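Values in this document were obtained by computation on a predicted structure and should not be read as measured data. Ligands are counted one by one from 1 in listed order, and the atoms in each one are counted from 1 as well.
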Amino acid sequence: MSGPTAKCRVVGDTNDRSEGRAPGLGEELRRLSVAESGTEMYALMEELYPLCRSLTGDGVRETLRRIGSRIPIDVHEVPTGTQAFDWQVPKEWNIRDAYIKDEAGNTVLSFRDSNLHVVGYSVPVRERLPLAELKEHLFSLPEHPDWIPYRTSYYSETWGFCLTHRQLTQLRDGIYEVVIDSDLTDGHLTYGECRIPGRTEEEVVIFTHTCHPSLCNDNLSGIALATHLAQALHGLSLRYTYRFVFAPATIGSITWLSQNEGQLSRVKHGLVVANAGDPGKLTYKRSRHGRAEIDCAVTHVLQHSGQPHAVLDFSPWGYDERQFGSPGINLPVGRLTRSPEGTFPEYHTSADNLQFVRPECLSESLATVLKTFAVLEGNARYVNRSPKGEPQLGRRGLYRKMGGYQDVPRQQLALLWALSFSTGDLSLLDIAEKSGLDFESIRAAASDLEASGLLGPQEKSA
Ligand code: ZN
């Protein structure tokens with residue numbers, strides 16, 4: 001339980017309760033078929049898996065096009081050389097084919113077998129060279145001899161191949177023909193946005209990175225999760241506007257932030273989602289604020305999930321939360337993953353494949369984010385209109401009403417907690433945390449008390 005002074009900052013219009021007792025999101029959560037949603041997210045990952053994504057290029061465009069067949073998406077093209085804070089949008093990279101052939105003309109490695117075989121952003125090459133020289137451009141993982149590593153060379157113009165260590169050790173001395181049929185030219189950085197409008201302009205931003213080729217947990221799982229979240233929210237009556245951003249890591253979030261700098265004050269909460277499908281426990285990384293409302297909301301949902309989970313403090317390393325949290329931006333954006341980056345052996349290798357991720361893990365990640373949104377949607381501050389002594393609840397029908405709940409004592413307690421701490425400074429989430437009860441119980445109690453006139457909206461947000 002939290003101490004008496006613990007409270008999460010509540011942002012925005014805390015008096016928006018036009019939906020009354022049951023926001024659409026809560027109903028959607030109850031209707032959600034967990035098994036079905038996991039299967040659908042997994043199917044999207046299967047569809048996107050073969051595409052060769054990178055920071056830029058046609059693989060990203062095709063990925064966004066396929067996401068766009070499921071949710072409304074605006075595709076933005078930012079030209080090479082565009083300034084994005086301290087960065088510049090890089091050249092665009094596209095690849096058609098790549099292979100290595102031995103002296104006899106046998107193909108010993110082909111991009112067509114796996115797009116991980118080519119170091120991302122490899123410059124075009126067409127050469128014949130001896131094995132010793134070729135080896136300077138070959139990368140393998142001796143500790144996992146059947147896995148192909150994932151490597152990129154975004155910011156220095158070079159080329160390379162990744163292969164299994166078993167393949168590497170089978171190469172015999174001789175002259176090899178090396179072809180990488182790629183372009184690295186002025187073009188565009190492509191990102192997608194899906195905006196689900198709410199009753200207010202205040203926004204929740206969900207960011208996921210799109211720059212990895214055939215890798216599943218990192219980060220087709222994040223792409224599938226964000227797509228499915230947008231599908232789940234579409235058509236609901238929402239307090240917040242939800243903006244889903246599909247963009248490459250680091251340069252993508254920096255570019256998006258620089259392109260949207262004038263509107264960032266609308267962003268009240270945010271979440272980076274990634275690594276959402278592996279069997280590891282859910283892991284929340286707090287925003288740089290530490291106790292922003294999003295931090296308290298996710299933590300609350302995880303604590304009441306009954307499932308193993310971890311909560312980490314912010315650090316300026318990891319995914320795009322570090323751009324959203326940079327001191328000049330300073331948005332309350334946390335990050336939800338299952339296993340964090342770099343903590344599982346399959347990370348950035350061909351073993352991060354469709355067998356590594358599971359539909360039921362994707363479902364659990366989806367349910368966690370939707371429950372978090374339900375907290376954000378329903379969180380507010382109230383004022384007790386009858387604060388002198390406990391008001392007589394039976395006279396107002398609140399005891400009778402409680403007969404309808406499955407868990408009467410908990411709901412009775414929730415009424416008393418909501419009355420006791422609705423003095424205008426604590427939010428319903430703060431009261432849930434103090435009481436040890438779940439947010440939904442406190443919110444339901446507050447709605448009943450408001451309907452009976454015992455609680456009123458706090459007129460001004462703090
Ligand atoms: Zn990665």
Next on the checklist: Quick check: closest heavy atoms across Cys211 and Ala249, and the distance to 0.1 Å?
Outcome noted: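 For Cys211 versus Ala249, the nearest heavy atoms are SG-N, 3.3 Å.
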Which N, O or S atom of [X] lies nearest to the Zn ion (ligand 1), by name:
X	answer
Asp218	OD2
His212	NE2
His348	NE2

Requested in this report: Can you spot which of Asn217, Thr343, Thr337 makes a side-chain hydrogen bond (donor to acceptor under 3.5 Å, both in side chains) with Asp278?
Outcome: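 The passing option is Asn217.
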- prompt: Is it true that Glu201 and Arg195 make a salt bridge, defined as a side-chain N closer than 4.0 Å to a carboxylate O?
  reply: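 Yes, charged N to carboxylate O under 4.0 Å.
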Does the cation-pi check pass for Lys101 over Tyr176, that is, NZ or CZ under 6.0 Å from the six-membered ring centre and within 45° of its axis?
->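 Here Lys101 fails the 6.0 Å and 45° test against Tyr176.
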